[in-house]
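One structure below.
Just so it is clear: chains get the letters A, B, ... in the order the sequence lines come, proteins before strands, and each one is counted from 1.
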2 protein chains.
Amino acid sequence: MSKYDALNIKQIAELSGVSVATVSRVINQNGRFSSETEARVRRVIEESGYVPNFVAKSLRTSKNHVIGIIVPDILNSHFAGLVLELEKKLFAHGYSTVICNTNESIELEKKHIDTLIAQQVSGVIFISGTKTCKVTQDIPAVYLDRRPASYCEPSDRVLIESDNRTGGYLATQKLIESGCRNIAVFCSRDMDTNQQARFIGYQEALAESGLSCDEAMTFDLHEVSILQARDEMLRIFPSIPNLDGVLCMTDTIALGVITGLHELNITIPEQVSVTGFDDAPLAAYFQPPLTTIRQDIGALSGAAVESLIKMINGEKLESQHVVVPVSLVVRKSTRQQV
Amino acid sequence: MSKYDALNIKQIAELSGVSVATVSRVINQNGRFSSETEARVRRVIEESGYVPNFVAKSLRTSKNHVIGIIVPDILNSHFAGLVLELEKKLFAHGYSTVICNTNESIELEKKHIDTLIAQQVSGVIFISGTKTCKVTQDIPAVYLDRRPASYCEPSDRVLIESDNRTGGYLATQKLIESGCRNIAVFCSRDMDTNQQARFIGYQEALAESGLSCDEAMTFDLHEVSILQARDEMLRIFPSIPNLDGVLCMTDTIALGVITGLHELNITIPEQVSVTGFDDAPLAAYFQPPLTTIRQDIGALSGAAVESLIKMINGEKLESQHVVVPVSLVVRKSTRQQV
DNA sequence: TTGAAAGCGCTAACAA
DNA sequence: TTGTTAGCGCTTTCAA
């Protein structure tokens with residue numbers, strides 16, 4: 001039983017009174033055929049509502065025009081935004097996308113990758129700093145937004161990431177400009193290399209202003225969650241009497257910190273300034289609206305899609321490593337410049 | 001040039017010293033074979049890292065184990081949560097998912113559906129109240145969370161939705177219990193039938209308490225966005241001096257309303273109580289934390305997956321129309337019971 | 001300009 | 001228990 005009694009190319013050929021080869025040529029616009037024949041075939045296709053079978057086409061051509069996207073957590077609005085843009089751009093190029101949530105699990109990621117390989121996807125975009133993806137050595141792939149732990153510069157793989165270092169620098173600079181002198185850092189440096197880069201930017205900004213980097217002011221969370229950040233804020237606050245600024249390595253952490261500060265009846269930004277990172281869709285609606293670092297989702301996704309398609313087509317890449325600029329978005333969670 | 005010089009079943013057969021049929025039997029665990037043969041074949045597969053070609057398998061069996069999910073906007077956390085759960089459950093059943101964002105565009109939706117048909121997907125889950133999906137008449141499909149405008153009860157299609165009416169009722173009842181007597185409704189009833197059902201629940205709750213339903217207190221937004229809701233709040237507030245409650249048909253709208261009230265220096269819930277709908281991940285972190293209606297994402301996605309897989313396998317369905325209960329989550333945006 | 005036919009990798013019916 | 005083989009729908013070479 002065929003699921004939807006689909007026509008095949010042979011039936012279209014019969015209805016048009018031509019051979020299957022000719023129908024194929026008309027559909028794919030290659031080879032030669034009279035405009036008369038073309039018109040007849042087109043009409044039959046139109047009238048019958050024929051849709052070519054991509055599965056058969058893929059088998060024959062070894063190209064299925066599907067791209068796999070490996071993403072840690074689609075619920076995170078930063079990743080969701082990235083995936084949405086990728087999907088739009090790939091669709092415009094004629095590619096479908098299979099989105100694979102890994103939930104940060106290496107096991108699950110491996111299973112997903114096997115499935116993608118079995119499906120013969122044309123390429124893969126990794127938004128995931130996985131350590132083990134040698135499985136896909138021969139498949140066009142791009143790393144986006146997260147640098148694999150194993151990555152080393154002269155790599156055969158393309159890496160596209162934000163200028164995290166500058167982001168960390170700008171946010172810290174803003175806090176310093178706002179008069180903060182005792183800045184705590186809320187991060188989760190084990191998570192990915194982005195946070196490490198942001199941390200370096202933070203250290204640079206401190207150094208530049210002649211402030212010292214006190215390890216006791218750095219708080220590493222076990223996971224990036226609102227609740228963890230809020231709990232940590234409540235825990236550490238009593239021990240830092242002169243705290244006047246918190247540099248949060250993601251907007252999610254910032255929301256937790258803000259929540260904690262509210263519970264402590266600390267006013268933001270009068271008593272403590274807070275900055276985030278990502279510019280999540282809701283960041284402008286936090287209370288107070290969050291000063292944060294905006295990542296350029298359009299540029300990130302654009303570079304990823306462009307690179308990947310070039311790789312698939314066997315074209316030469318201009319760059320193996322794209323660093324996308326970030327920008328500071330000033331809102332109300334930091335004091336006006338003093 | 002094969003992209004990743006993949007082995008095929010024939011090579012595995014040769015390496016194992018058996019026929020392709022036997023290899024196929026071992027892989028799919030059907031037919032009979034000696035445990036000796038099985039062990040040999042398994043070892044070869046293991047050592048060679050062979051992954052069967054799903055494309056060929058799909059072509060042969062007309063089953064590709066891919067499900068298409070049509071979703072309006074993956075950036076909306078309610079939809080993102082639903083999609084994430086669907087993906088997890090389908091993956092556990094051996095299905096991959098192709099996620100298609102329509103951005104509420106019928107055009108785009110049609111293109112996506114054509115692509116899905118061409119890919120010979122095994123089924124489709126529509127999280128989308130599209131009016132025109134007869135294209136897929138013969139493909140197993142489930143409507144989830146949004147009722148198609150054309151839907152009529154004794155349908156050949158499965159519909160899975162939350163008990164929106166009760167949700168609207170419970171939220172309104174909570175506002176009334178909190179002492180509200182002049183309740184405004186912020187909705188976007190053109191968007192989908194869910195909002196219409198919630199509105200009926202609202203009317204029922206009012207009637208039950210002997211309150212009248214004043215059409216002048218109903219505000220329909222052109223789109224569900226934080227900014228629109230906030231703007232509308234600012235616009236209407238001056239004309240409703242005794243406003244003491246706002247029933248918001250989604251959490252997104254509620255966030256806009258809260259933002260507007262903050263700007264008007266109105267305290268929540270002392271002066272005005274606010275309720276939402278969805279229980280978005282961030283709803284607990286609004287200021288104040290939002291009283292809202294929780295939709296059971298697990299139950300919704302579970303029912304959808306179960307129904308769809310039964311349809312694909314040609315099994316009989318217990319129910320064509322599943323209504324999933326909702327629950328009231330009380331937080332700080334409504335006054336304590338008076 | 002068009003058609004015949006091989007074959008992509010796999011499954012499944014039939015044969016042994 | 002295992003092997004042989006047709007054929008899923010399509011593209012593409014070769015021939016006409």
Side-chain angles (χ1 to χ4, degrees), chain A residues 1-42 44-45 48-66 115 117-122, chain B residues 1-42 44-45 48-66 115 117-122:
Chain A
M1 177 197 71
S2 79
K3 277 179 316 218
Y4 23 107
D5 46 340
L7 295 153
N8 59 31
I9 198 170
K10 203 170 154 198
Q11 293 169 296
I12 299 300
E14 277 164 14
L15 288 170
S16 319
V18 297
S19 71
V20 292
T22 300
V23 175
S24 173
R25 289 188 190 107
V26 168
I27 291 171
N28 298 294
Q29 292 290 299
N30 60 16
R32 306 224 153 268
F33 39 80
S34 68
S35 56
E36 202 179 335
T37 309
E38 175 172 13
R40 201 162 60 245
V41 173
R42 285 211 173 288
V44 171
I45 289 176
S48 63
Y50 167 68
V51 180
N53 183 326
F54 263 52
V55 176
K57 180 172 180 156
S58 301
L59 180 59
R60 186 53 231 251
T61 61
S62 307
K63 296 206 160 296
N64 70 351
H65 280 239
V66 173
T115 308
I117 291 177
Q119 285 180 54
Q120 310 277 99
V121 293
S122 301
Chain B
M1 179 197 71
S2 80
K3 277 179 318 221
Y4 23 106
D5 46 337
L7 295 153
N8 59 30
I9 199 170
K10 203 170 155 198
Q11 295 169 297
I12 299 299
E14 279 165 14
L15 288 170
S16 318
V18 297
S19 71
V20 293
T22 300
V23 176
S24 174
R25 289 187 189 108
V26 169
I27 290 171
N28 298 294
Q29 292 290 301
N30 60 14
R32 307 225 154 266
F33 40 81
S34 69
S35 55
E36 202 178 335
T37 308
E38 174 172 14
R40 202 164 59 245
V41 172
R42 285 211 172 288
V44 171
I45 289 176
S48 62
Y50 167 69
V51 180
N53 183 325
F54 264 52
V55 176
K57 180 172 178 156
S58 301
L59 179 60
R60 186 53 231 251
T61 61
S62 309
K63 295 202 161 299
N64 69 353
H65 281 239
V66 174
T115 307
I117 291 176
Q119 285 180 53
Q120 310 277 97
V121 294
S122 301

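Across C:dA4, D:dG9, D:dT4, the shortest atom-to-atom separation from the side chain of B:Ala21 is found for D:dT4. In this structure, the nucleotide among C:dA13, D:dC14, C:dT11 sitting nearest to the side chain of B:Arg25 is C:dA13. For B:Val20, the side-chain atoms get nearest to D:dT5 when compared with the rest of D:dT5, C:dC10, D:dT2.
Between the base of D:dG9 and the side chain of B:Arg60 there is no donor-acceptor pair shorter than 3.5 Å.
Side-chain N or O atoms of A:Ser16 include none that pairs as donor or acceptor with a backbone N or O of A:Val18 at under 3.5 Å. Panel note: side chain A:Asn28, backbone A:Asn30; no donor-acceptor pair is recorded below 3.5 Å. Counting only distance, with no hydrogens or angles, the side chain of A:Asn53 and the backbone of A:Asn8 share no donor-acceptor pair below 3.5 Å.
Using a 4.0 Å cutoff on non-hydrogen atoms, the parts of residues 30-37 of chain A near DNA chain D are A:Asn30, ordered by number.
Taking for each of B:Leu59 and B:Arg40 the nucleotide of DNA chain D with the nearest heavy atom, the 5'-most of the two is the partner of B:Arg40.
With rounding to the nearest 0.5 Å, the separation of CD1 in B:Ile9 from OH in B:Tyr50 is 4.5 Å. Rounded to the nearest 0.5 Å, atoms CD (A:Gln119) and NE2 (B:His65) are 11.5 Å apart.
For B:Asn28, a side-chain nitrogen or oxygen approaches OP1 or OP2 of C:dT11 to under 4.0 Å. At the phosphate of D:dG9, neither OP1 nor OP2 sits under 4.0 Å from any side-chain N or O atom of A:Asn53. Taking only side-chain nitrogens and oxygens, A:Ser24 never comes nearer than 4.0 Å to OP1 or OP2 of D:dC10. Side-chain nitrogen and oxygen atoms of B:Tyr50 include none within less than 4.0 Å of the OP1 or OP2 phosphate oxygen of C:dG9.
Within 4.0 Å of A:Val18, counting heavy atoms only, lie sugar-phosphate atoms of the nucleic acid but no base atom.
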